[in-house]
Structure formats: structure tokens, C-alpha cells
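All remarks here apply to the structure that follows.
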Amino acid sequence: MKKRAFITGITGQDGSYLAEFLLKMGYEVYGMVRRTSTLNFERIRHIQDQVTLIPGDMLDQTSLTNALREIHPQEVYNLAAQSFVQTSWVQPVFTGDVTALGVTRLLDAIRTIDPEIRFYQASSSEMFGKVQEVPQRETTPFYPRSPYGVAKVYGHWITVNYRESYNLHATSGILFNHESSRRGYEFVTRKVTHTAAKIKLGLAKELRIGNLDSQRDWGFAGDYVEAMWLMLQQDKPDDYVVATGVTHSVEKLLNVAFSTLDLDWKQYTVQDERFMRPAEVDLLVGDPTKAGQQLGWEPKVSFEQLIQMMVESDLQLLKAEHNL
Ligand code: NDP
Ligand code: GDR
């Protein structure tokens with residue numbers, strides 16, 4: 001019998017990589033998609049005939065309960081979220097509803113339909129925010145600095161609470177930033193690689209950017225979804241930090257991306273207040289020792305390889321789009 005996995009957020013960056021990975025592992029893969037006026041299946045188009053898409057929304061309890069009743073999955077991966085930090089200041093209530101309360105809706109659906117289901121919650125390094133220690137590990141206290149970070153702290157603790165209250169196999173993966181050529185264009189890595197490629201091809205003149213001093217621990221999304229799966233294969237549910245342990249500044253990101261194209265980033269980059277945040281997080285760098293020791297997980301793609309891969313992919317994408 002094939003194992004069945006249900007992924008919320010299957011149309012997102014991580015959802016698409018996780019679906020690919022689970023298909024390779026022999027799973028029947030089900031993904032929740034919300035109703036939109038135009039389809040946004042771009043990231044899963046290549047596997048669309050191999051997965052089953054179920055309509056639903058993290059805001060709608062009935063749709064979550066019905067999905068679980070219909071699929072009877074052994075594993076549920078909760079990746080759905082309003083995931084863009086900057087937007088969370090503009091839509092704090094909506095962010096809380098989807099990214100925080102949505103987790104309770106799904107956990108409670110699991111509790112009532114089948115408490116044997118194993119649950120993965122996509123927690124975030126943004127929960128560490130104004131960091132209380134460097135590097136951050138599973139025991140580091142949280143101090144979120146955005147409505148998104150606050151919502152993720154709620155999602156984390158409700159996962160722990162359902163684990164302890166109802167004995168659910170509910171695990172929280174505290175993942176640091178992970179990127180790929182499927183990253184949304186609004187996130188800084190993709191914004192930089194895509195705009196740098198446009199500049200190289202004469203399709204743009206400048207890149208408008210926010211804080212150059214921000215530092216992040218950036219890894220490759222394809223590596224990180226494997227850690228999610230490994231967590232649900234453990235006998236006991238737990239919390240794990242997943243990170244590379246290496247941090248880089250936005251300025252370094254610009255340097256690597258532009259120099260891959262033989263361009264000097266300083267000639268094309270303009271700082272713009274619009275991309276600054278009301279509150280920044282400090283030095284985010286994760287300590288993935290526990291994931292290494294208990295899951296046997298380690299990142300395979302370096303920061304430089306990741307950015308070069310993204311630049312190359314954007315270059316090809318733009319050439320195809322513009323017949324260049
Ligand atoms: P994306 O923003 O790429 O994907 C988010 C997904 O959630 C999309 O499929 C989106 O659907 C779906 N979604 C949003 N709102 C709802 C809703 N109300 N009901 C149902 N589905 C909804 O995020 P990533 O793939 O990058 O991240 C996956 C998860 O991991 C998120 O929870 C994120 O917060 C978390 N995370 C991400 C990290 C990263 O670096 N990428 C690091 C740490 C945590 P649609 O396509 O319709 O918009
Ligand atoms: P982040 O990712 O907020 O870490 O959240 P993002 O790429 O948006 O920002 C990273 C850092 O870059 C700085 N920055 C800019 N960011 C954007 N988006 N645009 C700019 O022009 C710009 N200039 C500088 C930001 O200030 C920030 O410091 C991501 C999301 O995937 C979350 O869902 C996830 O939980 C965390 O990573 C871990």
C-alpha cells in the first residue's frame with residue numbers, strides 16, 4: 001500500500017519541491033489549493049498529472065476536515081501561510097488568521113478525524129527575531145519582530161500544545177531561509193537574481209532594494225524539504241532547527257549575483273525606503289546540530305552555488321520569454 005501525504009501550500013515554493021520528493025519516495029500525493037480567479041499552478045505544472053488537488057482554504061475549517069476525511073493521509077505537511085514578512089505589517093489580522101489560527105484549524109481536524117496522522121508544521125527562524133543567542137537552536141527563546149513572526153510563534157506553540165495535550169505526532173521544523181529558482185519574486189534573493197539577469201539582457205536599468213546590511217542564513221529549498229520528511233519518519237515528534245549555519249549579508253548576495261553576470265552591483269543598485277521594514281531581525285544564523293545528529297540531515301548546496309543557480313535559471317527564463 002502506498003503511503004498518502006497531504007500538503008497544504010502545494011502551489012508554493014516548498015510545496016512543489018516536497019511534492020516532487022514524496023512522489024519519488026513512492027507516496028500518493030494530495031495537495032490543497034485555494035480558489036483564485038486565475039490558476040497559479042506554475043510550480044507544479046510538471047507534476048500536475050501525478051498529484052491530486054483538493055480545493056480548500058486555511059481559513060475554512062470545513063474544507064480541512066473534509067479533505068482529511070476524503071484522503072485519509074498518514075502524513076500532513078502544513079506549508080500554507082501568508083509567508084511574506086513585509087506584507088504582514090500591512091495585513092496583520094489576515095496573516096494571523098491564515099498563518100496562526102490556520103494551524104489550529106488543521107490540528108483540530110486531525111484530532112477529530114484521525115489522531116494517528118503525523119503532522120509537520122512549517123515554523124520559521126523569524127520566530128527568533130531579536131535574537132537572544134547566536135547561533136539559534138531549538139532551545140533559544142523566541143522574540144518575533146513582525147506580525148508574521150508572531151503568527152509563526154503561535155503556530156509553533158499550538159503544535160507543541162496539541163502534541164502534549166492529545167499525544168499527536170506533531171512536529172515543528174524551525175527552518176531558516178531557503179531559496180530556489182521557484183522562489184517568489186518579492187523575496188530578496190529572487191528579486192536580486194531576476195533583476196540582475198534583466199539588467200544583463202538590457203530589460204531593466206536598475207535594482208531598487210532595502211536594507212543592505214541584513215544578514216540571513218540562506219540554504220537551498222530542495223535540501224530543506226528532505227528534512228521535513230525525515231522529521232515525520234522519526235518514532236517521536238519533536239522540534240528541529242534546519243539551517244546551513246552560515247550567514248551572509250544582502251550586500252554579499254548582490255555581489256555574488258551580479259558578479260556571476262560580470263556586472264558591478266554598485267553601478268545598478270539604488271536603495272529605496274519602500275523596501276525597508278518597520279522592525280528588522282538581528283543576526284539570524286541557525287545551529288543545525290540536532291537535525292544533523294538525529295535526522296542525518298545536512299545541506300548540500302552552498303550559498304554561492306545557490307545564487308549562481310538562480311541567476312542562471314532567471315537568465316534562461318527571460319531569454320525564453322523575450323525570444324532572446
Ligand atoms: P510560499 O509563499 O511560496 O507558499 C505559500 C503557500 O501557502 C502557497 O501555496 C499559497 O497558495 C498557500 N496559501 C496561502 N494562504 C493560504 C490559505 N489561506 N489557504 C490555503 N493555502 C494558502 O511559501 P514557501 O513555500 O516559501 O514556504 C512554505 C512554508 O514554510 C510557509 O508556511 C512559510 O511561512 C514557511 N517558511 C518558509 C521559509 C522559506 O525560507 N521559504 C523559511 C521558514 C518557514 P497560493 O499559491 O494560492 O498563494
Ligand atoms: P525574510 O525574506 O523576511 O527573511 O522571510 P526576504 O527575502 O523577504 O528578506 C530577507 C532580508 O532581505 C532584506 N531586504 C529585502 N527584502 C525584500 N523582500 N526586498 C528587498 O528589496 C529587500 N532589501 C533588503 C529584508 O529587510 C530582510 O532582512 C523569508 C520568508 O520566506 C518567510 O516566510 C520565512 O519564514 C523566513 O524567510 C525564514
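Below, each value reflects all heavy atoms present in this structure, side chains not excepted, and no hydrogens, waters or symmetry copies. Ligands are counted one by one from 1 in listed order, and the atoms in each one are counted from 1 as well.
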Ligand-residue contact atoms, ligand 1 with M32, heavy atoms, under 4.0 Å: 20 (C)

Enumerate the atoms of ligand 1 whose separation from the nearest heavy atom of N177 is less than 4.0 angstrom. 40 (O)

Scan F176, Y17, W297 and name whichever one has a ring-ring contact (aromatic ring centres under 6.0 Å, His included) with Y224. W297

Name the option, out of [options], that contains the heavy atom nearest to [atom].
atom: atom 38 (C) of ligand 1; options: Q121, E126, Q13, H178; answer: H178
atom: atom 12 (C) of ligand 1; options: G184, P55, S180, G9; answer: G9
atom: atom 46 (O) of ligand 1; options: T11, I7, L18; answer: T11
atom: atom 14 (C) of ligand 1; options: S16, A122, G56, A81; answer: A81
atom: atom 2 (O) of ligand 1; options: S83, S63, G12; answer: S83

Name the closest protein heavy atom to [atom], giving the residue it belongs to and the distance to 0.1 Å.
atom: atom 20 (C) of ligand 2; value: K191 NZ, 3.7 Å
atom: atom 9 (O) of ligand 2; value: R277 NH2, 3.4 Å
atom: atom 27 (O) of ligand 1; value: D14 OD2, 3.7 Å
atom: atom 18 (N) of ligand 2; value: E186 O, 2.9 Å
atom: atom 33 (C) of ligand 1; value: Y148 OH, 3.6 Å
atom: atom 2 (O) of ligand 2; value: N177 ND2, 3.7 Å
atom: atom 26 (O) of ligand 2; value: E280 OE2, 2.4 Å
atom: atom 10 (C) of ligand 2; value: V188 CG1, 3.7 Å
atom: atom 47 (O) of ligand 1; value: R34 NE, 2.9 Å
atom: atom 41 (N) of ligand 1; value: R183 NH1, 3.2 Å
atom: atom 21 (N) of ligand 1; value: A80 CB, 3.5 Å
atom: atom 33 (O) of ligand 2; value: S83 O, 2.7 Å
atom: atom 19 (N) of ligand 1; value: M58 N, 2.9 Å
atom: atom 27 (C) of ligand 2; value: R216 NH2, 3.2 Å
atom: atom 29 (C) of ligand 1; value: L79 O, 3.1 Å
atom: atom 43 (C) of ligand 1; value: L175 O, 3.1 Å

In ligand 2, which numbered atoms sit nearer than 4.0 Å to a non-hydrogen atom of [X]?
X: S124; result: 34 (C), 35 (O), 36 (C), 38 (C)
X: F84; result: 8 (O), 18 (N)
X: S125; result: 38 (C)
X: F275; result: 20 (C), 21 (O)
X: Y148; result: 32 (C), 33 (O), 34 (C), 35 (O)
X: V85; result: 3 (O), 5 (O)

What class does the angle between the rings of F303 and W218 fall in, given that below 30° is parallel, 30 to 60° is tilted and above 60° is perpendicular? parallel

Centre-to-centre under 6.0 Å for [X] and [Y], is that the case here?
X: H178; Y: F220; answer: no
X: Y77; Y: F6; answer: no
X: Y240; Y: Y120; answer: no

Under the 6.0 Å and 45° cation-pi test, does [X] pair with [Y]?
X: R208; Y: F275; value: no
X: R183; Y: F187; value: yes
X: K266; Y: F258; value: no

Give the contacting part of N40 toward ligand 1: side chain, backbone, both or neither, where contact means a heavy-atom distance below 4.0 Å. side chain

Using a 4.0 Å heavy-atom cut-off, say whether S123 meets ligand 1 through its side chain, its backbone, both or neither. backbone

Between [X] and [Y] (side chain of the first, backbone of the second, donor and acceptor by atom type, cut-off under 3.5 Å), is there such a pair?
X: S249; Y: D213; result: no
X: D287; Y: P135; result: no
X: T171; Y: D238; result: yes
X: K130; Y: Y143; result: no

Do [X] and [Y] sit within salt-bridge range, that is, some charged N less than 4.0 Å from a carboxylate O?
X: R182; Y: E20; answer: yes
X: R190; Y: E186; answer: no
X: E126; Y: R216; answer: yes
X: D114; Y: R69; answer: no
X: D14; Y: R43; answer: no
X: R105; Y: D57; answer: no

Between R183 and ligand 2, which residue portion shows a heavy-atom distance shorter than 4.0 Å: side chain, backbone, both, or neither? side chain

Nitrogen or oxygen of S214 less than 3.5 angstrom from that of ligand 2: yes

Does any N or O atom in F176 lie less than 3.5 angstrom from one in ligand 2, N or O only? no

With rounding to the nearest 0.5 Å, note down the distance linking NZ in K152 to OG in S83. 8.0 Å

Between CG on residue L175 and CE on residue M127, distance to nearest 0.5 Å: 10.0 Å

I'd like to know if [X] contacts ligand 1, where contact means a heavy-atom distance under 4.0 Å to any ligand atom.
X: T8; result: no
X: V98; result: yes
X: K152; result: yes

In terms of hydrophobic clustering (I, L, V, M, F, W, Y; side-chain heavy atoms under 4.5 Å; direct or indirect links), are V76 and L18 co-clustered? no

